[in-house]
Number of protein chains: 2
Amino acid sequence: MKVLVVEDDQFHASYLQDALSDALPEVTEIIHAVDGAEGELAARQGEISAVVMDLQMERRNGIEAACTLWAERPETRVLFWSNYADDAYLRGIAQIVPDDSAYGYILKTASPDRLKLALRAVLVEGQIMVDREIHRRQKRNESPRTRLSDSEFVVLLDLVLGLQDKLIAKRRGMSLRTVQNRLLSLYDKLGVDQSHDENLILNKRVRALNRALVTRTINIETLEAAERELEIWLRENR
Amino acid sequence: MKVLVVEDDQFHASYLQDALSDALPEVTEIIHAVDGAEGELAARQGEISAVVMDLQMERRNGIEAACTLWAERPETRVLFWSNYADDAYLRGIAQIVPDDSAYGYILKTASPDRLKLALRAVLVEGQIMVDREIHRRQKRNESPRTRLSDSEFVVLLDLVLGLQDKLIAKRRGMSLRTVQNRLLSLYDKLGVDQSHDENLILNKRVRALNRALVTRTINIETLEAAERELEIWLRENR
DNA sequence: TTGAGACTTGCGGGAACCCGCAACACATCT
DNA sequence: AGATGTGTTGCGGGTTCCCGCAAGTCTCAA
């Protein structure tokens, strides 16, 4: 059994390789790639169906890599291994995971035992496994007024790119006023107005981006990925 | 000689402790703290004058910790050890470092040899040492129109908090128009307008925050730290 | 069928933002 | 002294943003 490790931090990579050879004796070969692009290449050439994937990487992040990877071989089993439980990652993964492929999501802060368990469950047994910590966050966000709906999320992505209402409406096929309504509920859910001082009025748009970042709803990589998608959309629409 | 290690990632912490005891035989005791607040406490109680400090930490980040730490014992030698060469960190450190204390800044991606060299140079010899990679970035930003002046930077901090022009003017003691001029040059230097498509107009404020993040001029911790400072200012000015 | 609730859309207006134009202060260099 | 550059301030107006009000659609359930 061959396993591909995609991870740009050398310490974490070697720690992970130790855990791998320790927990899974059936592993015969460990291939190491340092970013998403390299990982895609390695997976294609090595015909690999078991991957451990870091999420934050320089050139091409884990979600994008997993996307092309699953497009080529949907049965590939992927264990995502990340520092953070950012909501943006969860959404991203949820959107691209094929119907019946095994995957998992575990935090780097997890104990060695839990990591080994996840490695076996996902890569060998083909189970779905999500770190408890992450599940808790997802639940918390699911609460009444906190969790963003999908349509709110895409408007947030456009907002943080700096698009103005009219263009968002055009891109998403909504009327101007509807976009503004979405923004309204965004401001509400992100807690834009509940600042410390009462009679303190803030710039809602900037504040929304700020809040989305500190609540880990999005992160800088989300920004960069959204930028790339915008560029594609722009080319298609002159 | 006692050394305090402030670092919340267990792998990095143990790697660092190995490097320490390997490179500096004169070290008799290594104390480990997992965030800024704990680090301050440990330094105070242990009367420690040599510290290796991570920058990104949950409760209280490395710069804030170093600040109180240097306030109590200005001769403390601090080696900052970080994943990123974000400009915000450089500015933060430059502002708080006492006149004649030793400090250093090294990246986690540095080779073990370079790390050991830095440990010896800063903690034992009391030299100033900045990673070449970081110096290069600083130089790059120093180029003609790219580098932000200090006054532009503070306006940027207010902007990203969501303050509106009038309030920024009040807080920084400038006229409204001056603030807007600062913003103008900010937009220019951050490359707010140079979007892919020509006739594409963006929301400047949001775009400025976006650009500042992806160019690593600021990061999420900068946001959180700025928020705390704003809160203090608000209390003082009702 | 009727009614409640959620979502969409248009209109209108006040506030904030962006910025060109112009005047003035201050420092530096020739 | 004069020129030049940089930074500060006011004014005016075009644009965008934010949102209350109101009317319309769609769904679900009583």
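Convention: sequence-line order gives letters A, B, ...; per-chain numbering from 1. Any value given below was found using the heavy atoms of this structure, including those in side chains, with hydrogens, waters and symmetry copies removed.
Salt bridge status for A:Glu224 with B:Arg216: present, with a side-chain N to carboxylate O gap under 4.0 Å.
Here C:dA15 presents its C1' atom at 13 Å from CG of B:Leu176, a figure rounded to the nearest Å. Residue A:Asp158 contributes atom CG, which lies 13 Å from atom P of D:dC17 at whole-angstrom precision. Taking atom CG on A:Leu167 and atom C1' on D:dT15, their separation rounds to 15 Å, with Å as the unit. Counting to the nearest Å, the C1' atom of C:dC7 and the CD atom of A:Glu152 are 11 Å from each other. Atom NZ in B:Lys166 sits roughly 12 Å away from atom C1' in C:dG14 (whole-Å rounding). Taking atom CG of residue B:Leu186 and atom C1' of nucleotide D:dG7, one finds them 15 Å apart after rounding to whole Å. Rounded to an integer number of Å, the gap from A:Leu202 CG to D:dC17 C1' is 15 Å. Counting to the nearest Å, the P atom of C:dA15 and the CG atom of A:Leu200 are 17 Å from each other.
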note = Letter by letter from the 5' end, nucleotides 18-25 of chain C scores (B base, S sugar-phosphate only, - none; protein heavy atoms under 4.0 Å) BBBB----
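Note that CD of B:Gln180 and CG of B:Leu176 are 4.5 Å apart. Values are rounded to the nearest 0.5 Å. Summarising the geometry, atom CG belonging to A:Leu167 is positioned 7.5 Å from atom CG belonging to A:Leu234; distances are rounded to the nearest 0.5 Å.
Ring geometry for A:Trp70 against A:Tyr103 counts as perpendicular: the plane angle is over 60°, on a 0 to 90° scale with 30° as the lower cut. Ring orientation note: the planes of B:Phe80 and B:Tyr105 are tilted relative to one another, at an angle of 30° to 60°.
For D:dT9, one of the phosphate oxygens OP1 or OP2 lies less than 4.0 angstrom from a side-chain nitrogen or oxygen of B:Thr178. Phosphate proximity of C:dT8 to A:Arg182: present, with a side-chain N or O under 4.0 Å from OP1 or OP2.
Set against C:dC7, D:dT16, C:dA16, the side chain of A:Gln164 has D:dT16 as its closest nucleotide. Here the side chain of B:Ser175 is nearest to one of D:dG7, C:dT9, D:dT9, namely D:dT9.
For A:Asp86 (side chain) and A:Tyr89 (main-chain N/O), no donor-acceptor pair under 3.5 Å exists by modelled atom type. B:Asp131 contributes a side-chain N or O that, together with a main-chain N or O of B:Leu107, makes up a donor-acceptor pair within less than 3.5 Å.
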